[in-house]
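Here is the structure we will look at, set down as structure tokens.
Please read these numbers as outputs of a predicted model, since none were measured by experiment. Order of the sequence lines fixes the chain letters, A, B, ..., with proteins taken first and strands second; residue numbering starts at 1 for each chain.
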Amino acid sequence: MTGNVSSGEKMGRLDIFDRMRGVQENTPGLKSSKDINIEPVKNRLNGTIITDGPDSILKVDYSYPLVYTHGDVALKDVVSIDPGLLRVLLPALPRSLDLSLNDLIFFDLETTGLSGGAGTYVFMAGFLKVEDEKIKTAQYFLNNLSSEKLFLMEIRDRLKPGSVLVSYNGKSFDCNILKNRFILNGLGLADRDPTHLDLLYTSRRIWKGLFPDFSLRTVEKWALKFERTGDIPGYMIPDIYFQYLRGRDVTEDLCGVFMHNRNDIVSLAAVLLKQLSIVRYCARFDRLNGINNPGQFNPVSLSDMLINCNYHEEAKKLLKSYTDDTEVLKRLGLLYKRQKLHRDALVFFKLLIEKTEDFSEYIFACIEMAKLYEHRLKDIDRAIFYTEKVWNRVRRQDYFYPDRASVFLNDRAHIEKRLDRLRKKQA
DNA sequence: CGAACTACGGCAGTTAATTG
DNA sequence: CAATTAACTGCCGTAGTTCG
């Protein structure tokens with residue numbers, strides 16, 4: 001898969017060059033691209049043309065009814081987001097800034113490629129914001145290349161300072177491409193980098209180990225139960241735009257790109273709401289109210305995120321309600337060990353020894369028991385007991401799976417050494 | 001006393017994955 | 001072939017302990 005992608009992108013780079021040349025050959029000079037007929041798209045989507053002197057771009061507005069659900073997420077909840085919960089996902093959120101939700105800006109760009117260099121244009125920018133208790137999207141479309149400056153200025157006007165950006169992989173992709181376009185058009189970037197929540201990274205943490213990958217499409221399907229029908233796949237999007245620039249009638253496809261972009265930004269809002277419902281469930285802020293089932297999540301990651309925001313007690317409570325998970329037992333043990341609550345740590349490492357099916361996890365838990373008894377509780381006999389326990393288990397493993405013995409060679413040597421030392425100490 | 005060992009936090013460097 | 005981030009890896013200094 002990875003190999004295919006990278007070779008495909010190499011091809012894509014050459015393709016873009018070819019296609020740009022095609023644009024220039026078929027339409028004599030960029031100015032004539034103004035003649036491209038955008039009317040069919042404008043009419044189909046009920047858009048408006050924004051003009052400034054000779055320049056013009058297309059804007060398409062859309063408003064969602066408050067009853068709209070995206071997959072199993074009710075979008076209306078976006079009007080009442082708790083900044084305290086949001087801070088668990090975005091610790092950088094300024095504490096001073098009281099977040100009236102008008103300050104959240106969901107956005108996504110469509111571009112002429114993935115490479116991100118100076119040759120990549122932004123031709124569509126979709127925004128979602130909450131206004132007057134309504135969910136409104138606004139999409140800007142660069143319908144001729146010579147109006148790029150106007151296009152960029154309209155985008156910049158939406159990114160008011162003090163607002164919080166929400167994107168998917170936007171920190172590395174969208175923002176940087178946009179920055180490039182601003183620089184190339186002599187438009188100097190906004191004063192300083194705004195607070196930016198990139199849902200790619202929160203998704204990877206919250207659903208770690210649960211989904212096959214973390215593309216927005218997969219997260220939609222597995223976390224939101226939202227599946228797209230008739231969606232334009234991303235790799236086709238640059239091509240559709242180039243065909244449009246060449247003057248071909250791609251009204252149908254272009255409307256598909258608008259739909260694709262709008263679904264992307266609505267999914268951003270839905271993913272954020274889903275993640276917030278998981279955070280709320282884990283922190284049990286609404287212990288007394290009915291808690292709706294937020295679906296699956298990784299309890300260890302969530303406890304990390306809670307601890308990161310100083311919700312230590314909530315994190316412990318959460319982990320203690322997931323002790324069927326051996327990763328949770330391991331984390332609880334390490335947590336109490338770091339706090340020097342050795343007796344508590346012992347309880348969880350012991351549970352881990354009993355519960356785990358994983359051999360290296362078993363080895364780990366036994367060695368932790370031995371360490372705690374030897375160095376903290378000064379009980380050499382018990383330390384020897386657990387070291388012998390794991391030593392015998394390793395030998396048993398060697399006997400039944402002689403071909404796999406080398407895998408645990410390091411562990412073997414380590415355990416042997418520990419046992420020697422403990423026996424000398426005991427004598 | 002001082003050498004040797006153990007555990008561990010901090011810190012830098014590396015890797016994998018996503019975006020049209 | 002880029003930028004970003006979490007997670008992992010390896011290295012180093014420190015603290016604490018045990019021996020010769």
Options [options], nucleotide nearest the side-chain atoms of [X]:
X	options	answer
Y168(A)	dT17(C), dT19(B), dA3(C)	dT19(B)
R217(A)	dG20(B), dT4(C), dA7(B)	dG20(B)
R205(A)	dT18(B), dA6(C), dG20(B)	dA6(C)
R376(A)	dT4(C), dA7(C), dC8(B)	dC8(B)

Q139(A) and Y62(A), any side-chain heavy atoms less than 4.5 Å apart: no
Looking at [X], does any N or O in its side chain come under 4.0 Å of the phosphate oxygens OP1/OP2 on [N]?
X	N	answer
K171(A)	dT5(C)	yes
K337(A)	dA7(B)	no
R421(A)	dT6(B)	yes
H375(A)	dA7(B)	yes
R418(A)	dA7(B)	yes
K417(A)	dT6(B)	yes

Over all strands shown, is [X] touching base, sugar-phosphate only, or nothing at heavy-atom distances under 4.0 angstrom?
X	value
D264(A)	sugar-phosphate
K424(A)	nothing
I177(A)	nothing
F214(A)	sugar-phosphate
D108(A)	sugar-phosphate
D213(A)	sugar-phosphate

Parallel, tilted or perpendicular, as decided by the 30° and 60° cut-offs, for the rings of Y140(A) and F127(A): perpendicular
R158(A) to F107(A) six-membered ring, cation-pi geometry met (6.0 Å, 45°): no
Residue matched to dC1(C) through Watson-Crick or wobble contacts both under 3.5 angstrom: none
Under 3.5 Å donor-acceptor pair, Y201(A) side-chain atoms to dT4(C) base atoms: yes
Check: Y386(A)/R418(A) side-chain N/O donor and acceptor closer than 3.5 Å: no
Intermediate values then yes/no, ring-ring contact (aromatic ring centres under 6.0 Å, His included), F297(A) and Y322(A): CA-CA 11 Å; F297(A) 59 87; Y322(A) 282 87; 5.7 Å; yes
